[in-house]
A.B. asks: 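One structure follows; several queries about it will come next.
These figures come from a predicted structure and were not determined experimentally. Numbered from 1 within each chain, the chains take letters A, B, ... in sequence-line order.
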Number of protein chains: 2
Amino acid sequence: MKNKVSDNAESSVERVAADLRGAIAAGIYIPGQAIPSQRKLAGQWQVSRATVREAVLMLELEGLIETQHGGRSRCVNLMEPYLNLPLETSGGNRELQLQVLEARATLEAEAAFYAATRATDEQLQALSSEYARMQERNAGESTLAKAKADLMFHMMIAEASHHLLIISFSQLFYNRYFNAIYGVLSQTLRRYGRYPEGIAQQHARIHKAIQQRQPEVARDAARTHILYTRQLLERIETCP
Amino acid sequence: MKNKVSDNAESSVERVAADLRGAIAAGIYIPGQAIPSQRKLAGQWQVSRATVREAVLMLELEGLIETQHGGRSRCVNLMEPYLNLPLETSGGNRELQLQVLEARATLEAEAAFYAATRATDEQLQALSSEYARMQERNAGESTLAKAKADLMFHMMIAEASHHLLIISFSQLFYNRYFNAIYGVLSQTLRRYGRYPEGIAQQHARIHKAIQQRQPEVARDAARTHILYTRQLLERIETCP
DNA sequence: ACTGATAACTGGTCTGACCAAGGGAGGGCA
DNA sequence: TGCCCTCCCTTGGTCAGACCAGTTATCAGT
């Protein structure tokens, strides 16, 4: 008798598609980043390219990846269609900045949590390098460069979370609200002339927690960090 | 410059998929009925079987067709998942019978309309043959046989409509409510000993209108026919 | 440093073959 | 006669290798 529901004898293409879906969901392939070519995937899974093509077609119809003749196939950002918020983010709108930072608090906290849980050793190492680089850069470079270093640090944490939704959302978030977020940093720097003590310490705490794989600590550290930033903005607003 | 929206240079697989979709939507392939094999489709469209397979896969993921290893691929009934109504249709439930006939009035009317508009010449000829056969059978066969002949006549009209939704719905409708519908016929026959005058005339009118390709007339004739049947049921109910 | 040709990719399609599973026609059995 | 079983053909699933058509990175020449 056949068992349609839990059919163990799944076809090759379904197996490949499931693996690929899993890899994407696990953040092994980052949205916007190219996935291996069909030929490589075929070799990797020991199936023919025809089978890989059918699997890739399935994922494409599901909206997980997109292909381009001649170009490489890449994984799409799942949040793209759902994040069409107005982006008048010259950095001047305080209310929006505050809201963005509130949303970011949750996002960063979860990203840090999962990064501490699931980051690969290579990612931890890369994060460590980037952290060191950020500290160097902190002494004597332009505000923009510091902002970008800060962004890179947080983005790497998001990617290390291996969580497709977090990665997708983070990408869009940082792309669209770069000004809103780093307008805070800019104003802070203008006011204090340097990073406030807290930020460097918080970055250190986040970094340490992730490196030591302490998810709860990392989540709390990230959340505290963002809310601290938010507080800075409020202070600037109320005490010009 | 590329035009993503109205890209004229669509790929082969997309063209084949579109054609196949069109053929199914046009009722060329009836739900439940097998579509040509991939090899035949490949020959038909002058493309490779790999391309056909990708097109078929697309339609399968869209839920339009289903494939079975070794078996033939067949077009699915779109309404199946949406028609899980209770089917206690022993033919005794008067209220349900009335409701069914009301729904059928609209369904048959539209089917007749589109049949008169889009039936192929072959289908008109087949319908004519079936109509003649139904008349012969009307003189001296079992009630069940008459009911089945009646059903066949209406089903052929539905198929000639070349309207996927009408065909899908008709299939399920007649399968599930056969008893509810032909309980009416059975009771009518028991009461009058033969078909009421009206029914034969109405069948003739529907048939004639479709043959002469008069959509409006066909629609009206079909609607009148079903509502007449409904009226019969009410009369039986109120005057036992 | 910039530009333009070029070579090395990529995805899209084709061919022909084999395997495995369903389905129908026929023969054997009761 | 009627049922069941087997065999064979067709079907979908997979494979290998090839070619075409776009993209992209490289590198020589300006």
A.B. asks: Output the rounded distance in Å from CG (B:Leu59) to P (D:dG12).
C.D. replies: 13 Å
A.B. asks: Using a cut-off of 6.0 Å, state whether more than 12 heavy atoms not belonging to A:Met152 lie near its atom CE.
C.D. replies: no
A.B. asks: Could you tell me whether the phosphate oxygens of C:dG12, OP1 or OP2, come under 4.0 Å of any side-chain nitrogen or oxygen in A:Thr67?
C.D. replies: yes
A.B. asks: So if I take residues 19-34 of chain A and measure heavy-atom distances to DNA chain D, which residues fall below 4.0 Å?
C.D. replies: none
A.B. asks: Considering only D:dG12, D:dT14, C:dT13, which nucleotide approaches the side chain of A:Arg53 most closely?
C.D. replies: C:dT13
A.B. asks: Taking atom CD of B:Gln125 as the centre, report whether more than 12 heavy atoms of other residues, nucleotides or ligands fall under 6.0 Å from it.
C.D. replies: no
A.B. asks: Is any side-chain N or O of B:Gln38 closer than 4.0 Å to OP1 or OP2 of D:dT10?
C.D. replies: no
A.B. asks: Examine the side chains of A:His203 and A:Gln135 and answer whether a donor and an acceptor come within less than 3.5 Å of each other.
C.D. replies: no
A.B. asks: Report yes if a side-chain nitrogen or oxygen of A:Ser37 is closer than 4.0 Å to either non-bridging phosphate oxygen (OP1 or OP2) of C:dT10; otherwise report no.
C.D. replies: yes
A.B. asks: To the nearest Å, give me how far apart CD (A:Glu14) and P (D:dG13) are.
C.D. replies: 9 Å
A.B. asks: Would you mind reading off the distance between A:Arg72 atom CZ and D:dA25 atom P, rounded to a whole angstrom?
C.D. replies: 9 Å
A.B. asks: Whole angstrom is fine here: how far is it from CD in B:Gln68 over to P in D:dT10?
C.D. replies: 18 Å
A.B. asks: Rounded to whole Å, how long is the line connecting atom CD of A:Glu60 with atom C1' of C:dT10?
C.D. replies: 14 Å
A.B. asks: Scan nucleotides 14-20 of chain C nucleotide by nucleotide, 5' to 3', and note B when protein non-hydrogen atoms come under 4.0 Å of the base, S if they reach only the sugar-phosphate, - if neither.
C.D. replies: BB-BB-B
A.B. asks: Excluding sequence neighbours, so at least two apart, what forms side-chain hydrogen bond (donor to acceptor under 3.5 Å, both in side chains) with A:Glu159?
C.D. replies: none
A.B. asks: Does the A:Arg118 side chain pair with the main chain of A:His162, one donor and one acceptor, at a distance under 3.5 Å?
C.D. replies: yes
A.B. asks: Determine the contact category for B:Val56: base if any of its heavy atoms lies under 4.0 Å from a base atom, sugar-phosphate if only primed atoms, P, OP1 or OP2 are that close, otherwise nothing.
C.D. replies: nothing
A.B. asks: In chain order, what residues pass the side-chain hydrogen bond (donor to acceptor under 3.5 Å, both in side chains) check against B:Thr51, with sequence neighbours excluded?
C.D. replies: B:Ser48
A.B. asks: Please state how far atom CD in A:Glu54 lies from atom P in C:dG12, giving the value in whole angstrom units.
C.D. replies: 13 Å
A.B. asks: I need the full list of ring-ring contact (aromatic ring centres under 6.0 Å, His included) pairs touching residues 107-129 of chain A, with sequence neighbours left out, sorted by first then second residue.
C.D. replies: A:Tyr114-A:His163
A.B. asks: May I ask you to decide whether A:Arg53 forms a salt bridge with B:Glu54, counting only side-chain N to carboxylate O separations under 4.0 Å?
C.D. replies: yes
A.B. asks: Check this one for me: any side-chain N or O of A:Ser73 less than 4.0 Å away from OP1 or OP2 of C:dG11?
C.D. replies: yes
A.B. asks: List in chain and number order the residues that pass salt bridge (Lys or Arg N to Asp or Glu O under 4.0 Å) with A:Arg21, two or more places apart in sequence or in another chain; answer none if no residue qualifies.
C.D. replies: A:Glu62
A.B. asks: Write down the distance between CG (B:Leu41) and C1' (D:dG13), rounded to a whole number of angstrom.
C.D. replies: 16 Å
A.B. asks: Which whole-number value in Å describes the distance from A:Leu57 CG to C:dT13 P?
C.D. replies: 10 Å
A.B. asks: Decide, yes or no, whether a salt bridge links A:Asp150 with A:Arg133 under the criterion of side-chain N to carboxylate O below 4.0 Å.
C.D. replies: no
A.B. asks: Check whether any side-chain N or O of B:Lys40 sits under 4.0 Å from OP1 or OP2 of D:dT10, and answer yes or no.
C.D. replies: no
